[in-house]
Protein chains: 2
Amino acid sequence: MSESTTRDHIVEAADKLFYEQGYEHTSFTHIADAVRISRGNFYYHFKSKDEILDAVINERLANTRSALEQWEAENSKPADRIRCFIQIMINNRDKIKLYGCPVGTLSTELTKLNHASKAGANELFSLYRTWLCRQFMLLGRKADADQLAMHLLARSQGVATLASAFHDEAFIRQEVRILCDWLAGLKEKNS
Amino acid sequence: MSESTTRDHIVEAADKLFYEQGYEHTSFTHIADAVRISRGNFYYHFKSKDEILDAVINERLANTRSALEQWEAENSKPADRIRCFIQIMINNRDKIKLYGCPVGTLSTELTKLNHASKAGANELFSLYRTWLCRQFMLLGRKADADQLAMHLLARSQGVATLASAFHDEAFIRQEVRILCDWLAGLKEKNS
DNA sequence: GACAAATTAGGACGTGCGTCCTAAAAATTG
DNA sequence: CAATTTTTAGGACGCACGTCCTAATTTGTC
């Protein structure tokens, strides 16, 4: 029942490295050095580099799902839940400043590589999209809930991209404030 | 005085390929096939792959500068000039849908690679930033002109990222409409 | 402690990459 | 047309990569 912990270490290290320096640019040697195992040992746990990527994506999907569930469980008001989403930009501001958004940058890279797992990476976006859509519906915006979800996702992506390009942490805080105001303004339009 | 046209062809093909499939993933063979020249011939025109990247960035910088100048020359009102900027998302929607924003995706990639030319790529962002900043100042928003410029840049980046992830062209049009409304609302706050 | 299974180490293999070198071809000049 | 420079072609080189193979080691079981 208990999985080998080495596999988890590999996925964990690959997750971090794929985020920090990109999937293509990360080699087996990089991951091996991080996990402190032999390069040949990989192929006992994974058949290929692509399989590691799939494992990383699946773990990110699982982590995201549980985070969304938690936000939903810990907050009864949909606006507070959405604020949780916005808040992750503040919580992860250090890494965003350096590496951008892990969801957006992976999606962008795999799309350019036309990689087989690009659909899996975009599934991460869909996870947030449908969750946010549901929250906006609960907020009384049934008609344009998905539009609002996409809008908020796009705003977040843009913040991450520019914060990373200019290494500007204050910009993140500023935009988060604007987004919270935008959210507060939305509530007044409840039906 | 007249430069060899081969060099221009190389830069042109590299520009296109770097945009479509990323810098790292584009090899000399790819460019050579596009330009129809021998692989060894590159090193007469460029000493390294990085040098081609610099040439591509410099051309993009020059093209951007002339585009900004033209928008400024053809429109007397700053709001109309800003609308020109927003409008490029419509004009380039086909490519954005497939490959995202050329500025943002290159900046993201070079940042992850920690490439020496990442500063040059970010200079493209700065070009738009300072130009937009100036337009917002002319619009009477002296106090928060740079903030508005960054905000608009971020919104554009987010739109490109999500449009590419979901291959959604309608989303681009939708967000452009919202951005134009946002811009129109700004004008009312003129001092 | 002997045996089997699971796990790891380390290196071999082929491929594609960026780079470099040299000779051929083309263009230019007198 | 000869001489010289500019431009191109094609392949060699070393290196790093993903992949694969096999032997050693560790772990678990009776």
Side-chain angles (χ1 to χ4, degrees), chain A residues 1-58 106 109-110 112-118 120-121, chain B residues 1-58 106 109-110 112-118 120-121:
Chain A
M1 180 55 74
S2 65
E3 271 296 313
S4 165
T5 183
T6 301
R7 199 194 127 101
D8 298 338
H9 286 156
I10 293 174
V11 174
E12 191 183 355
D15 190 345
K16 180 177 154 74
L17 288 170
F18 290 171
Y19 176 38
E20 292 179 356
Q21 46 183 18
Y23 168 70
E24 193 177 26
H25 189 247
T26 299
S27 70
F28 278 95
T29 306
H30 287 135
I31 308 176
D33 289 349
V35 188
R36 302 284 214 147
I37 63 172
S38 141
R39 230 173 53 260
N41 190 11
F42 278 103
Y43 288 82
Y44 176 75
H45 301 281
F46 301 95
K47 268 181 268 185
S48 70
K49 191 184 174 187
D50 292 349
E51 231 172 61
I52 301 182
L53 175 60
D54 285 336
V56 167
I57 291 176
N58 284 331
L106 183 66
E109 181 180 3
L110 296 187
K112 292 232 179 199
L113 300 183
N114 198 23
H115 193 282
S117 297
K118 68 177 175 180
Chain B
M1 179 57 70
S2 67
E3 272 295 313
S4 165
T5 182
T6 302
R7 199 195 128 101
D8 299 338
H9 286 155
I10 292 175
V11 174
E12 189 183 357
D15 190 347
K16 178 177 155 76
L17 288 169
F18 290 170
Y19 175 39
E20 292 179 355
Q21 46 183 20
Y23 168 70
E24 192 177 25
H25 189 246
T26 299
S27 70
F28 278 94
T29 306
H30 288 135
I31 309 175
D33 289 350
V35 188
R36 303 282 212 149
I37 63 169
S38 144
R39 233 173 49 261
N41 191 10
F42 278 102
Y43 288 82
Y44 175 75
H45 300 280
F46 302 95
K47 268 182 267 186
S48 70
K49 192 184 173 187
D50 292 349
E51 229 173 63
I52 300 182
L53 175 60
D54 285 336
V56 167
I57 291 175
N58 284 332
L106 183 66
E109 181 180 5
L110 297 187
K112 294 233 179 200
L113 300 183
N114 199 21
H115 193 282
S117 297
K118 67 176 176 180

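Residue numbering restarts at 1 for every chain, and letters A, B, ... go by the order of the sequence lines. All values reported here derive from a predicted model rather than from experimental measurement.
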Taking all atoms of both residues into account, what is the closest heavy-atom pair of [X] and [Y], and its distance?
{"X": "A:Phe46", "Y": "A:Ala55", "result": "CE2-CB, 3.8 Å"}
{"X": "B:Ser117", "Y": "B:Ile57", "result": "O-CD1, 3.8 Å"}
{"X": "B:Asn114", "Y": "B:Lys118", "result": "OD1-NZ, 3.0 Å"}

Does any part of the side chain of [Y], heavy atoms only, come nearer than 4.5 Å to the side chain of [X], both counted from C-beta?
{"X": "A:Ile10", "Y": "A:Ile37", "value": "yes"}
{"X": "B:Leu106", "Y": "B:Val56", "value": "no"}
{"X": "B:Thr26", "Y": "B:Ile52", "value": "no"}

Gap between atoms [atom1] and [atom2], on [X] and [N] respectively (whole Å):
{"X": "A:Tyr23", "N": "D:dG18", "atom1": "OH", "atom2": "P", "result": "8 Å"}
{"X": "A:Arg39", "N": "C:dT7", "atom1": "CZ", "atom2": "C1'", "result": "18 Å"}
{"X": "A:Leu53", "N": "D:dG18", "atom1": "CG", "atom2": "P", "result": "12 Å"}
{"X": "A:Ile10", "N": "C:dA9", "atom1": "CD1", "atom2": "P", "result": "10 Å"}
{"X": "A:Phe42", "N": "D:dC20", "atom1": "CZ", "atom2": "P", "result": "15 Å"}
{"X": "B:Arg7", "N": "D:dT8", "atom1": "CZ", "atom2": "C1'", "result": "17 Å"}
{"X": "A:Glu24", "N": "C:dC17", "atom1": "CD", "atom2": "C1'", "result": "11 Å"}
{"X": "A:Phe46", "N": "D:dT19", "atom1": "CZ", "atom2": "P", "result": "13 Å"}

Exercise for the section: Select one nucleotide: of D:dT8, D:dG18, C:dT19, the one nearest the side-chain heavy atoms of B:Thr6. Expected result: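 Of all the options, the side chain of B:Thr6 is nearest to D:dT8.
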Problem - Shortest side-chain distance from B:His45, nucleotide among D:dT8, D:dT19, D:dA12 - result: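 Of the candidates, D:dT8 comes closest.
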Practice task
Scan for salt bridge (Lys or Arg N to Asp or Glu O under 4.0 Å) pairs involving residues 21-41 of chain A, sequence neighbours excluded, and state none if there are none.
Solution key: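 Those involving residues 21-41 of chain A do not exist here.
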Practice task
Establish, from distance only, whether the side-chain atoms of B:Ser27 and B:His30 form a donor-acceptor pair under 3.5 Å.
Solution key: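 Result is yes, a qualifying pair exists.
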Exercise for the section: Identify, between A:His25 and B:Asn41, the residue whose nearest nucleotide on DNA chain D lies closer to the 5' end. Expected result: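 Per heavy-atom nearest nucleotide, the more 5' residue is B:Asn41.
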Practice task
Could you label the plane-to-plane angle of the B:His115 and B:Tyr23 rings as parallel, tilted or perpendicular, counting under 30° as parallel and over 60° as perpendicular?
Solution key: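 The rings of B:His115 and B:Tyr23 stand perpendicular, inter-plane angle above 60°.
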Practice task
Would you jot down, in residue-number order, the residues of residues 26-38 of chain A having a non-hydrogen atom under 4.0 Å from DNA chain C?
Solution key: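 Here the set is A:Ile37, A:Ser38.
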Problem - Phosphate-side-chain proximity, A:Tyr43 and D:dC20, N/O vs OP1/OP2 below 4.0 Å - result: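 It does not, given that no N or O in the side chain of A:Tyr43 lies less than 4.0 Å from OP1 or OP2 of D:dC20.
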Please produce a list of atom pairs where a protein N or O lies less than 3.5 Å from an N or O of nucleotides 3-6 of chain D.
none

